[in-house]
Amino acid sequence: MDSLEAIEQLKDLIEDRKSFDKDKIWDRDIEALKIGIAAIEKQIPKSTYWENSKNGKIYDFGWFCCPKCNEMVDDFEEWKFCPSCGQALKWGEDE
Ligand SMILES: [Zn+2]
């Protein structure tokens, strides 16, 4: 099972819990599953993107941003993880 399959499996579990949760007894299970999904998703590298505007102002230089939290990330170091949110980063073209 790879990460994407694990996420699908966990999402199925959430739907399963929700389907018979009229008394909200599975709320903590559902919350834990959602946290697990978010943690796995952060480990799957996502491509950085190029930005040259902020708050409506366009600059004559640009910078790379995290696809998850949109904070600036350092392309010189090509960080493996976003220092702001922990998202695994991918540099260059998507395969
Ligand atoms: Zn981030």
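The residues of the chain are indexed from 1 along the displayed sequence. Counting starts at 1 for both ligands and their atoms, following the listed order.
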(message) If I only include protein atoms of type N, O or S, how many are less than 2.8 Å from the Zn ion (ligand 1)?
(response) 4
Quick one: side chains of residues 48-57, donor-acceptor pairs under 3.5 Å with protein atoms, not counting sequence neighbours, listed by atom name and distance.
| unit_1 | atom_1 | unit_2 | atom_2 | d |
| --- | --- | --- | --- | --- |
| Y49 | OH | N70 | OD1 | 2.8 |
| E51 | OE2 | S53 | N | 3.2 |
| E51 | OE2 | S53 | OG | 3.1 |

(message) So, using salt bridge (Lys or Arg N to Asp or Glu O under 4.0 Å) as the criterion, who are the partners of D12 when residues are at least two apart?
(response) none
For [Y], does its backbone N or O pair with a side-chain atom of [X] as donor and acceptor, under 3.5 Å?
X: W79; Y: A88; answer: no
X: D2; Y: E5; answer: yes
X: K80; Y: P45; answer: no

(message) Starting from M72 and following side-chain heavy-atom contacts under 4.5 Å between hydrophobic residues (I, L, V, M, F, W, Y), which residues can be reached?
(response) Y59, F61, W63
